[in-house]
Amino acid sequence: MLTKRIIPCLDIKDGRTVKGTNFVDLRDAGDPVELGSLYAKQGADELVFLDITATVEKRKTLVELVRRIARHVNIPFTVGGGISSVADVNALLENGADKISVNTAAFKNPGLITALSKEFGSQCVVLAIDTKLEDDGEWYVYLNGGRKKTAIKAKDWAKQGVMHGAGEILLTSMNHDGTKQGFAIDITKYMVENLSVPVIASGGGGKMEHFKDIFEKTGVDAALAASIFHFNEISIPDLKDYLKSNNILVRK
Amino acid sequence: MKIVIIKYNAGNIQSVLFALERIGIEAEVTDDTAKIQQADKVIFPGVGEASSAMQYLKERKLDVVIKGLKQPVFGICLGMQLLCNYSEENDTDCLGIIPVNVKKFQPGLNQTEVFKVPQIGWNNIYDLRSPLFEGVERNSYIYNVHSYYAEDSEYTIAKCNYATEYAAAIKKDNFYGVQFHTEKSAAVGERILKNFIGL
């Protein structure tokens with residue numbers, strides 16, 4: 001049976017991890033490759049590297065970083081952040097990335113998803129959606145790392161994205177992100193039940209119970225978190241033991 | 001020992017090279033007929049789409065080269081599917097080396113699970129029946145990313161279950177194929193790669 005996936009996310013700026021970590025045994029806590037390898041050894045199922053480098057010039061270092069990750073990490077990884085062309089993706093995949101994630105550029109030009117899925121297969125095209133629950137009770141799509149609101153509902157955009165060829169949806173609830181109060185159950189459940197592709201829940205995971213809840217209550221395929229892993233507030237082996245003891249199928 | 005990875009228009013070749021490097025094995029990526037024919041082991045990887053891959057192989061006569069190989073050949077993911085007879089992916093006649101058909105997963109439900117397509121993630125393999133799996137425990141987890149699968153048949157050497165029971169690995173004569181990504185399946189995947197090299 002297919003297992004539920006636990007995915008640590010590493011924010012990268014100029015080739016370095018942004019948030020810092022609490023791992024005392026790392027020689028260089030800012031090195032994405034070292035941290036990624038540690039997570040792989042601990043039993044992470046996948047990794048996401050999100051590049052938040054501002055300048056185009058420095059983004060070239062991303063391809064070199066991807067190559068180093070692929071050389072040393074023996075589990076799959078997704079690379080996202082600022083990807084806007086087939087050429088961008090080609091360079092990342094050729095250097096060993098397994099999947100790429102698109103966000104703002106895909107929203108502005110859904111044809112990008114179509115082009116990418118045609119060229120590389122939809123299995124490697126992850127559509128990342130940042131969404132926020134507004135006072136009217138609807139979840140809206142936000143762009144540019146959550147800075148720009150749109151008038152489009154996340155439910156509609158996710159369905160369109162899948163129609164265009166997205167092979168997986170990475171859904172981040174901005175209401176929950178950073179709160180450590182648990183994942184967004186309702187919108188995640190809606191996506192799981194209404195999309196034909198796998199969904200990754202992101203935002204709000206703070207305790208092991210939150211992971212159990214999101215898997216049990218929504219059937220979501222994967223859960224992603226960042227700082228709780230980086231600061232070792234939850235260790236991946238402990239989390240997996242806990243989920244397993246709660247009858248959630250995980251790879252051990 | 002000379003290990004060759006067949007170069008064609010399918011991704012993830014770099015990942016396979018790196019995985020081999022991690023287990024201390026050097027390989028050459030090439031589409032040169034003589035080099036492929038003279039290699040001790042041939043790896044035929046692939047992530048991509050069946051019909052365009054077949055077209056690419058035919059244009060370069062690599063289809064004929066692959067069919068004629070006598071040394072151990074290892075197809076991975078799309079590479080495995082291309083070793084088969086036929087794929088439902090864009091109605092493609094494949095190499096026809098292993099008489100098995102490749103079908104598409106149907107999204108759906110059973111009593112306990114929702115099945116999404118593609119299957120993405122870690123699933124367990126069982127009924128392991130080949131030296132390829134020496135030292136690999138039953139129900140070991142391996143990483144999958146695919147929408148199409150090879151039907152279970154007499155050529156199955158490992159099974160997996162996702163909505164239906166299917167062939168996670170197949171073999172006929174000197175041709176081996178695995179649906180999952182050995183190069184991304186952590187220690188288990190590296191063991192299987194090592195086993196292939198040791199065949």
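If you're wondering where the values come from, they're calculated on a predicted model, not measured in any experiment. Chain naming here is simple, since letters A, B, ... match the order of the sequence lines and numbering starts at 1 in each.
Counting heavy-atom pairs under 4.5 Å between each of A/Glu193, A/Gln123, A/Lys99 and chain B puts A/Gln123 at the top. Contact count versus chain A (heavy atoms, under 4.5 Å) is highest, among B/Ser15, B/Ala186, B/Ser140, for B/Ala186. Heavy-atom pairs under 4.5 Å with chain A peak, among B/Val145, B/Val16, B/Asn139, at B/Val145. Of the listed residues A/Glu168, A/Glu46, A/Arg67, the one with more heavy-atom pairs under 4.5 angstrom with chain B than any other is A/Arg67. Counting heavy-atom pairs under 4.5 Å between each of B/Glu183, B/Glu49, B/Glu190 and chain A puts B/Glu190 at the top.
Within 6.0 Å of atom NZ in A/Lys159, more than 12 heavy atoms from other residues, nucleotides or ligands are found, so the atom counts as buried in its surroundings. Heavy-atom neighbours of A/Lys41 NZ from other residues, nucleotides or ligands within 6.0 Å: at or below the threshold of 12.
For A/Glu119, no part lies under 4.5 angstrom from a heavy atom of chain B. A/Ala70 touches chain B through backbone and side chain together, each having a heavy atom under 4.5 Å away. Contact annotation for A/Asp98: only side-chain heavy atoms (C-beta onward) come within less than 4.5 Å of a heavy atom of chain B. For B/Asn161, the part lying near chain A is the backbone, with the side chain staying farther off; criterion is any non-hydrogen pair under 4.5 Å. Only the side chain of B/Glu21 has a heavy atom closer than 4.5 Å to any heavy atom of chain A.
Scanning residues 242-252 of chain A against chain B with a 4.5 Å heavy-atom cutoff picks out A/Leu249, A/Val250, A/Arg251, A/Lys252, ordered by number.
Side-chain atoms of A/Asn74 do not come within 3.5 Å of backbone N or O of B/Lys184 as any donor-acceptor pair. Remark: the backbone N or O of B/Trp122 is paired with a side-chain donor or acceptor of A/Thr3 at under 3.5 angstrom.
Here the shortest heavy-atom pairing between B/Gly121 and A/Arg5 reads CA-CD, 4.0 Å.
A salt bridge does not link B/Lys116 to A/Asp221: none of the charged nitrogens lies less than 4.0 Å from a carboxylate oxygen.
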N/O donor to acceptor pairs below 3.5 angstrom from side-chain atoms of residues 65-74 of chain B, sequence neighbours left out:
residue	atom	partner	partner atom	Å
B/Gln71	NE2	B/Ile36	O	3.1
B/Gln71	NE2	B/Gln37	O	3.2
B/Gln71	NE2	B/Ala39	O	2.9

Please report, to 0.1 Å, the donor-acceptor pairs under 3.5 Å made by any side chain of residues 194-203 of chain A, with sequence neighbours excluded.
residue	atom	partner	partner atom	Å
A/Asn194	ND2	A/Tyr190	O	2.8
A/Ser202	OG	A/Thr172	OG1	3.0

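Rounding to the nearest 0.5 Å places CD1 of B/Ile120 at 9.5 Å from SG of A/Cys124. With rounding to the nearest 0.5 Å, the separation of CZ in A/Arg71 from CD in B/Gln14 is 7.5 Å.
Here A/Asp186 pairs with nothing under the side chain to side chain contact (heavy atoms under 4.5 Å, CB included) rule; sequence neighbours left out.
In this structure, the side chains of A/His72 and B/Phe18 stay at 4.5 Å or more apart for every pair of heavy atoms.
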